[in-house]
> 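Just passing along the structure, written as structure tokens.
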Amino acid sequence: MPKSRRAALAAPLLAWYDRHHRSLPWRSPPGAPLMEPYRVWLSEIMLQQTTVPAVIPYFGKFLARWPSVHDLAAAPVEDVMEAWAGLGYYARARNLHKCAKAVSERLDGAFPDSVEGLLELPGIGAYTAAAIAAIAFDKPAAVLDGNIERVLARVFAVETPLPQAKPELRQLAAAVTPQERAGDFAQGMMDLGATICTPKNPDCLLCPLQKLCTAHKRGIAAALPRRAARAARPVRHTIAFLLQRADGAVLLRRRPPKGLLGGMLEVPSTPWRDTPWRTSEALGHAPLALDWQPAEGEAEHVFTHFALKIAALHGRINARAAAKIDGQWQQPRAAALPTVMKKMLGLLPGGSEGGAIRSTRNPRRGRARP
DNA sequence: GAACCGTGGAC
DNA sequence: TGTCCAAGGTT
């Protein structure tokens with residue numbers, strides 16, 4: 001590819017960004033002073049594999065509660081996990097807190113301004129390091145995320161499937177990134193990918209790069225980037241134990257710090273396994289022996305690499321007995337929980353009322369049984 | 001390198 | 001109702 005053509009990409013892209021950039025809470029408009037690195041970092045961590053609309057309320061909540069990196073570093077990690085509940089990928093919250101402590105205590109509150117320095121911090125990988133360096137410090141770092149991969153794969157008609165194409169795309173990103181305004185360039189490429197150069201039905205007629213785009217010229221833009229086929233998603237099963245105190249509070253426990261939903265609160269349940277549970281079997285995993293009653297309906301939750309089908313048993317307990325059980329008691333409506341746990345609580349008797357998440361039910365199957 | 005790690009919106 | 005896939009990082 002000729003060097004002139006690579007260099008020709010930045011100018012039209014930046015001109016488009018100046019006119020059509022999205023206005024976002026963590027972004028300063030082109031030409032304005034740079035956004036505070038703390039905010040850029042916070043937004044970038046939240047935006048990892050997460051959509052803009054999902055992030056906006058969390059970003060506001062975090063910033064209001066912890067206005068500086070020192071405030072965040074001083075918070076108990078449990079508070080951070082709780083504030084993160086519902087956003088997913090909970091290792092991010094743990095690393096967020098670890099990173100805040102490192103910056104606050106070791107670096108006196110100043111984020112590194114280089115890619116190498118940023119890469120040392122927990123939760124910051126190649127993408128995030130480049131994004132922070134470019135956006136918060138105006139360094140000429142080559143940013144590569146899913147959006148930019150797609151735009152580059154199309155403009156340069158990269159037919160190698162992802163993730164094999166990654167090294168090739170990294171080279172292209174480095175080649176097209178300008179020395180000036182690298183942050184605006186990265187954000188412009190991401191905006192373009194989010195609004196015009198979308199995964200399906202790209203709106204090539206409105207694209208500022210249309211004349212440069214080889215995939216468009218060949219009529220294969222929508223087919224790129226190619227991607228290796230995904231593995232099928234297995235189904236697992238569990239029975240949740242909805243143990244309710246006389247005042248309505250339910251029993252919750254803290255999950256181990258690593259792995260799935262690490263460090264978050266959970267509703268006690270049987271192990272999650274490939275085959276459905278019989279009630280008689282499940283009772284062996286109950287927090288205590290009592291008169292468990294089957295809850296009506298069932299719920300399903302889809303994780304990245306498996307789906308979970310959830311049935312539930314409901315039990316009642318008085319305050320005296322409740323005090324002897326390990327865990328904590330919270331009102332189901334008020335608890336800050338991962339979505340899958342909220343779905344379990346949605347199986348409580350009367351759980352469909354008052355805006356609780358309703359269990360999924362299959363009417364046909366539910367009535368087939370005599 | 002491959003597997004693991006959440007959630008919700010778009011189509 | 002299912003598939004895709006987001007401003008990815010860690011192990």
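Letters go in sequence order (proteins before strands), and every chain restarts at 1.
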> A:R230 side chain: which of C:dA7, B:dC4, C:dC5 is closest?
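When the side chain of A:R230 is considered, C:dC5 is the closest of C:dA7, B:dC4, C:dC5.
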> Quick one: which of B:dC5, C:dG8, B:dG6 gets closest to the side chain of A:H305?
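So the nucleotide nearest the side chain must be B:dC5.
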> So what does A:P53 touch, heavy atoms closer than 4.0 Å: a base, only the sugar-phosphate, or nothing?
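Result for A:P53 = nothing.
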> Do the side chains of A:I135 and A:W41 join up, straight or via other hydrophobic residues, at under 4.5 Å, putting them in one cluster?
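The answer is yes; both residues are in one hydrophobic cluster.
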> Once you round it to whole Å, what is the distance between C1' of C:dT10 and NZ of A:K258?
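Between C1' of C:dT10 and NZ of A:K258: 10 Å.
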> At 4.0 Å (heavy atoms only), tell me whether A:L261 reaches a base, stays on the sugar-phosphate, or touches nothing.
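Sugar-phosphate contact only.
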> Have a look at A:T128 and say if it touches a base, only the backbone sugar-phosphate, or nothing, with a 4.0 Å heavy-atom cut-off.
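A:T128: backbone/sugar contact only, no base atoms under 4.0 Å.
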> Counting the atoms with a prime plus P, OP1 and OP2 as sugar-phosphate, which does A:G193 contact under 4.0 Å by heavy atoms, base, sugar-phosphate, or nothing?
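Result for A:G193 = nothing.
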> Verify the distance criterion only: is there a donor paired with an acceptor across the side chains of A:K343 and A:H301 at less than 3.5 Å?
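Yes, A:H301 and A:K343 have a side-chain donor paired with an acceptor closer than 3.5 Å.
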> Just by distance, with hydrogens left out, do A:H314 and A:Q244 show a side-chain donor and acceptor under 3.5 Å apart?
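Yes, side-chain donor-acceptor contact under 3.5 Å.
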> Which is true for A:W26 with a 4.0 Å heavy-atom rule: it touches a base, it touches only sugar-phosphate, or it touches nothing?
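Base contact.
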> For A:Y90 and B:dT7, is the shortest distance between a side-chain N/O and OP1 or OP2 below 4.0 Å?
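Checking B:dT7 against A:Y90, a side-chain N or O does come within under 4.0 Å of OP1 or OP2.
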> Regarding B:dG6, can its base be found pairing with the side chain of A:T50 as donor and acceptor, where the two atoms are less than 3.5 Å apart?
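A donor-acceptor contact between them is present.
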> Base, sugar-phosphate or nothing for A:V340? Non-hydrogen atoms, less than 4.0 Å.
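The residue A:V340 makes sugar-phosphate contact but no base contact.
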> Does B:dG6 have its OP1 or OP2 closer than 4.0 Å to a side-chain nitrogen or oxygen of A:H301?
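No, no such contact exists.
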> Answer with yes or no whether A:R22 presents, from its side chain, a donor or acceptor under 3.5 Å of a partner atom in the base of C:dA7.
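Per atom types, the contact qualifies.
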> P atom, B:dC4 versus C:dA7: distance in rounded Å?
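24 Å, rounded to whole Å.
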> Quick check on B:dT7: is either OP1 or OP2 less than 4.0 Å from any side-chain nitrogen or oxygen of A:T339?
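The answer is yes; a side-chain N or O of A:T339 sits under 4.0 Å from OP1 or OP2.
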> Measure centre to centre between the rings of A:F59 and A:W26, then say whether the value is under 6.0 Å.
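Centroid distance A:F59-A:W26: below 6.0 Å, so yes.
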> Which whole-number value in Å describes the distance from A:L162 CG to C:dG8 P?
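Distance, rounded to whole Å: 12 Å.
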> Map A:R233 and A:K200 onto DNA chain B by nearest heavy atom, then report which one ends up closer to the 5' terminus.
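Between the two, 5'-proximity favours A:R233.
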> Could you state the atom-to-atom distance from CZ of A:R150 to C1' of C:dC4 in whole Å?
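Interatomic distance, CZ of A:R150 to C1' of C:dC4: 11 Å.
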> Would you say A:Y127 and A:E44 are linked by a side-chain donor-acceptor pair, where the criterion is simply a distance under 3.5 Å?
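There is such a pair between these side chains.
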> What is the distance from CG of A:L96 to P of B:dC5, rounded to the nearest Å?
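Answer to the nearest Å: 20 Å.
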> Side chain of A:F303 only, heavy atoms from C-beta on: which candidate in B:dG6, C:dA7, B:dG8 is closest?
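Comparing B:dG6, C:dA7, B:dG8 against the side chain of A:F303, the answer is B:dG6.
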> Show your reasoning for whether ring-ring contact (aromatic ring centres under 6.0 Å, His included) applies to A:W277 and A:H285.
CA-CA 11 Å; A:W277 292 83; A:H285 297 273; 5.1 Å; yes
> With a non-hydrogen cut-off below 4.0 angstrom, is A:R94 in contact with a base, only sugar-phosphate, or nothing?
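A:R94: no heavy atom of the nucleic acid under 4.0 Å.
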> So if I take every side-chain heavy atom of A:L260 and compare against C:dA6, B:dG6, C:dG8, which nucleotide ends up nearest?
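Output: B:dG6.
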> Would you mind telling me which of C:dT10, C:dA7, B:dT7 lies closest to the side-chain atoms of A:M190?
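Selected nucleotide (nearest to the side chain): C:dA7.
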> For a quick check of understanding: with a heavy-atom distance under 4.0 Å over all strands, which category does A:L24 fall into, base, sugar-phosphate or nothing?
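Touches a base.
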> Please work out if A:A186 contacts a base, only the sugar-phosphate, or nothing of the nucleic acid, heavy-atom cut-off 4.0 Å.
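A:A186: no heavy atom of the nucleic acid under 4.0 Å.
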> Nearest nucleotide by nearest heavy atom, which residue falls closer to the 5' end of DNA chain C, A:R27 or A:L121?
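First, find each residue's nearest nucleotide; the 5'-ward one identifies A:R27.
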> Rounded off to whole Å, could you give me the CZ-to-P distance for the A:R92 and C:dT10 pair?
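Those two atoms, CZ and P, are 12 Å apart.
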> To the side chain of A:Q49, which of B:dG6, C:dG9, B:dC4 is closest?
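So the nucleotide nearest the side chain must be B:dG6.
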> Whole angstroms only, please: what is the CG-P distance between A:L47 and C:dG8?
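Atom-to-atom, A:L47 to C:dG8, this comes out as 8 Å.
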> Please determine, for the side chain of A:R227, which listed nucleotide (C:dC5, C:dA7, B:dT7) has the closest atom?
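Minimum distance to the A:R227 side chain belongs to C:dC5.
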> Ignoring hydrogens and angles, state whether a donor on the side chain of A:T275 or A:R273 is under 3.5 Å from an acceptor on the partner side chain.
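Yes, A:R273 and A:T275 have a side-chain donor paired with an acceptor closer than 3.5 Å.
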> Please report the distance, rounded to the nearest Å, between CD in A:Q164 and C1' in B:dG1.
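Value for this atom pair: 12 Å.
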> Is the base of B:dG6 touched by the side chain of A:T304 through a donor-acceptor pair closer than 3.5 angstrom?
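Between B:dG6 and A:T304, which were checked side chain against base, a qualifying N/O pair under 3.5 Å is present.
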> Please report the distance, rounded to the nearest Å, between CE in A:M189 and P in C:dA6.
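In whole Å, C:dA6 P and A:M189 CE are 14 Å from each other.
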> Can you confirm whether the side chains of A:N147 and A:R150 place a donor and an acceptor under 3.5 Å from each other?
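The answer is yes; a qualifying pair exists.
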> Taking any heavy-atom pair under 4.0 Å as a contact, classify A:P163: base, sugar-phosphate, or nothing.
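Touches nothing.
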> Which of the following nucleotides, B:dG6, C:dG9, C:dA7, is nearest to the side chain of A:A194?
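Ranking B:dG6, C:dG9, C:dA7 by closest atom to the A:A194 side chain puts C:dA7 first.
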